[in-house]
Amino acid sequence: NLTDKFDTIFRKLKGHGKLNEQNIKESLREVRRALLEADVNFRIVKNFINEVASKATGQDVLKSLTPGHQVVKIVHEQLIHLMGEKNFKVQFQSNRLNKIMVVGLQGSGKTTTCAKLASHFRKNKLEPVMVACDIYRPAAVHQLQVLGKQLDVPVISKEKSKNVLKIAKKALKETENSEKNVMIFDTAGRLHIDEKLMKELRDLKKLLKPDFIFFVADAMTGQDAVNIAKEFNDQLEFDGVILTKMDSDARGGAALSIKAVTGKPVSFVGTGEKIGDFEEFHPDRMASRILG
Amino acid sequence: LQLRGKIDDDLMDDLEEALLQADIGIDTSMYVMEKLKNEIRTQKIEDSQKIQFLIEDIIKKMMIDEYSHQADHLKIANKKPFIVLFIGVNGVGKTTTIGKLARRYKDEGKSVMVIAGDTFRAAAIEQLTIWAERSGASISKQQQGSDPSSVIYDGVMSAKNKNIDVVLIDTAGRQHTKVNLMNELSKIVRTIQKIVPDAPHESLLVIDSTTGQNALIQAEIFNKATNISGIILTKLDGTAKGGIVVGIKHQLNIPVKMIGVGEQQEDLRDFDAKEFIEAIFE
Ligand SMILES: Nc1nc2c(ncn2[C@@H]2O[C@H](COP(=O)(O)OP(=O)(O)OP(=O)(O)O)[C@@H](O)[C@H]2O)c(=O)[nH]1
Ligand SMILES: Nc1nc2c(ncn2[C@@H]2O[C@H](COP(=O)(O)OP(=O)(O)OP(=O)(O)O)[C@@H](O)[C@H]2O)c(=O)[nH]1
Ligand SMILES: [Mg+2]
Ligand SMILES: [Mg+2]
């Protein structure tokens, strides 16, 4: 891992043990490699390395007697700082109707995440209902209904409907005078470059005026994470990110890329296929995972 | 890519960044850049216009070799039933790809059976059933929660008895980090071999083109559970380049056989290395 590699680099400072530009450069090459292997976007890696370089060549580090550990500390702190502060809490009040949209690329884990959100909200004393707005994928509505049954959370859909706005209107009408206080809208996976489908999301947002939009992203996403996230954010201004499939051994550098390019924080992570596999995001744990 | 003037460090940096941006990965990118620099030296190249052809040729030689022309297409020849197993991590496009391939073989006049080997995920069987209906393939399935190996055993037996030409087997998405699920996959392979000893004739790892470096580990681990005969690279209709397959071919010698370019039945193409590589530098 990175700490071991740094120890090797700095051990070569035969007894002198002080940092200089040359061995900082060497250690930064290792950091660059670690971040690229972790799928952090190459441009973000470039900026990050420059930031760390200027911090590391600062006077107090140069005088330090544990140079390897000092550089690792700077890298780690800089990563956590970039990832966002832990106190980003997603909370909803039970005395109003909260509307939540769940969006993202094909296969990222949206439908499963809707069920996880429903379960999470109910644990926090809210009354969820899910709305099946994926009218394209075979058996997508059925999938959400099966999950709803498992959870005993109602699912609103409109049989054979080819119009997402009509489904949403039906859902709003059915929910407005009920005791439900959080609506979770599952949407079809789509490409950020699909103009027609991105417009569908913008129109849905206009109709719902949602309280929160979650962008769902797969933890194994590579360099393209910046393009995808930027486009979704430019068009929808989502509020938070849910990083799924964190139970894999993907390092998850996409989390850093997405935060860097959109400024939006990761609020939750998916850690498996079961409804309970859902946790709050910890920036410090993510930083360690990305560094390897 | 700005290809004019002399070959300098800026051009080399731009080229390396194009590789990294395509998810080719740092090790494979460094390998390609080393080869490029050697070629520039030995061929005494000074015109940067020649560099694009050179780097594309280096990568093309990594992706296809003299044997791969036959190997890089599904070898359906004289196997009946011709059995194809689809594997991969969650959400990459296995079920949809089966729908596309079923359609292709039906259009070629073959009889096709799909087997609903994903007995775990909500509505997985219903999803595959709709794809079977769309393509005209028959489907062998049991209820959700059944043992996948039993379902697959029954399906393959039925295909053999009914003289089916092509069998496409769907499996549940699984993370290679889950030992019990990888063991389940090995068991599925052994089960198929009880009926058809040289099957699966194709074991296709489905990879999402937006995947980063984790794809290499996926390929390594899945390859241990079943000898992967090829990769299907999906979602290339997006902006990701899918460069992870270059490293996978280079390190594991697993070729890409097909690509997915959309969500409809017709959105499946044979892999074209030239087009794939040119897209990296576009
Ligand atoms: N291992 C793991 N699998 C997950 C996780 N979240 C979702 N999945 C799986 O990922 C696959 C895709 O999940 P879906 O919920 O269907 O994804 P989706 O974004 O709704 O897909 P589309 O609607 O087709 O765009 C399924 O096999 C899920 O079980 C997770 O956190 N970990
Ligand atoms: N744009 C695009 N979407 C695709 C492609 N292939 C599959 N998809 C979509 O990706 C999503 C997931 O596809 P599935 O076929 O359910 O993937 P899977 O691997 O079977 O998923 P699990 O069984 O849950 O692991 C669906 O929304 C598909 O329509 C492709 O080539 N391009
Ligand atoms: Mg879905
Ligand atoms: Mg599937």
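Note that the coordinates shown come from a computational prediction; the quantities given were computed from them, not determined experimentally. Basis for what follows: all heavy atoms, side chains included, without hydrogens, waters or symmetry-related copies. Every chain is numbered from 1 and lettered A, B, ... according to where its sequence line falls, protein lines coming before strand lines.
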Atom group of A:Leu36 that falls short of 4.5 Å from chain B, counting heavy atoms
both
Part of A:Leu144 within contact of chain B (heavy atom distance under 4.5 Å):
neither
Are the side chain of A:Lys158 and the backbone of A:Asn163 linked by a donor-acceptor contact shorter than 3.5 Å?
no
Chain B contacts, top residue of A:Ala140, A:Ala139, A:Ala115 (heavy-atom pairs, under 4.5 Å):
A:Ala139
Based on non-hydrogen pairs under 4.5 Å, which of B:Arg134, B:Gln144, B:Gln213 is most in contact with chain A?
B:Gln213
Measure distances from B:Gln21 to the heavy atoms of chain A and classify the residue's part below 4.5 Å as side chain, backbone, both or neither.
both
Proximal component of B:Leu20, with respect to chain A [non-hydrogen, under 4.5 Å]
both
At a heavy-atom separation under 4.5 Å, does A:Asp249 approach chain B through its side chain, its backbone, both, or neither?
both
For atom CZ of B:Arg269, decide whether the heavy atoms of other residues, nucleotides or ligands shown that lie under 6.0 angstrom number more than 12.
no
Under a 4.0 Å N-O cut-off, is there an ion pair linking B:Glu263 with A:Arg137?
no
Can you tell me which portion of A:Gln106 sits under 4.5 Å from chain B's heavy atoms? Options are side chain, backbone, both or neither.
both
Where do A:Glu195 and A:Lys199 land on the salt bridge (Lys or Arg N to Asp or Glu O under 4.0 Å) test, with the steps shown first?
CA-CA 6 Å; A:Glu195 295 194 0; A:Lys199 177 169 190 303; over 6 Å; no
NZ/NE/NH1/NH2 to OD/OE distance under 4.0 Å, B:Arg104 and B:Glu266
no
Judged by atom type as modelled, is there a donor-acceptor pair below 3.5 Å linking the side chain of A:Lys116 to the main-chain atoms of A:Asp277?
yes
Check whether more than 12 heavy atoms from other residues, nucleotides or ligands sit under 6.0 Å from atom CG of B:Asn180, and answer yes or no.
yes
Classify the ring geometry between A:Phe215 and A:Phe238 as parallel (under 30°), tilted (30 to 60°) or perpendicular (over 60°).
parallel
Contact leader toward chain B among A:Arg33, A:Glu37, A:Arg251, where contacts are heavy-atom pairs under 4.5 Å
A:Arg33
Contact origin within A:Asn41 toward chain B - heavy atom pairs under 4.5 Å:
neither
Keeping the roles fixed (side chain from B:Lys100, backbone from B:Asp267), state whether a donor-acceptor pair exists under 3.5 Å.
yes
Please state whether the side chain, the backbone, both or neither of B:Gln264 comes within less than 4.5 Å of a heavy atom of chain A.
neither
Which one of B:Leu128, B:Asp237, B:Thr129 has the most heavy-atom pairs closer than 4.5 Å to chain A?
B:Asp237
Measure B:Gln175 against the heavy atoms of chain A and call it side chain, backbone, both or neither at under 4.5 Å.
side chain
Any donor-acceptor pair under 3.5 Å from A:Arg190 side chain to A:Ala188 backbone:
yes
If you count heavy-atom pairs within less than 4.5 Å of chain A, which of B:Thr177, B:Val92, B:Ile217, B:Thr234 leads?
B:Thr177
Contacting moiety of B:Lys178, where chain A heavy atoms sit under 4.5 Å:
side chain
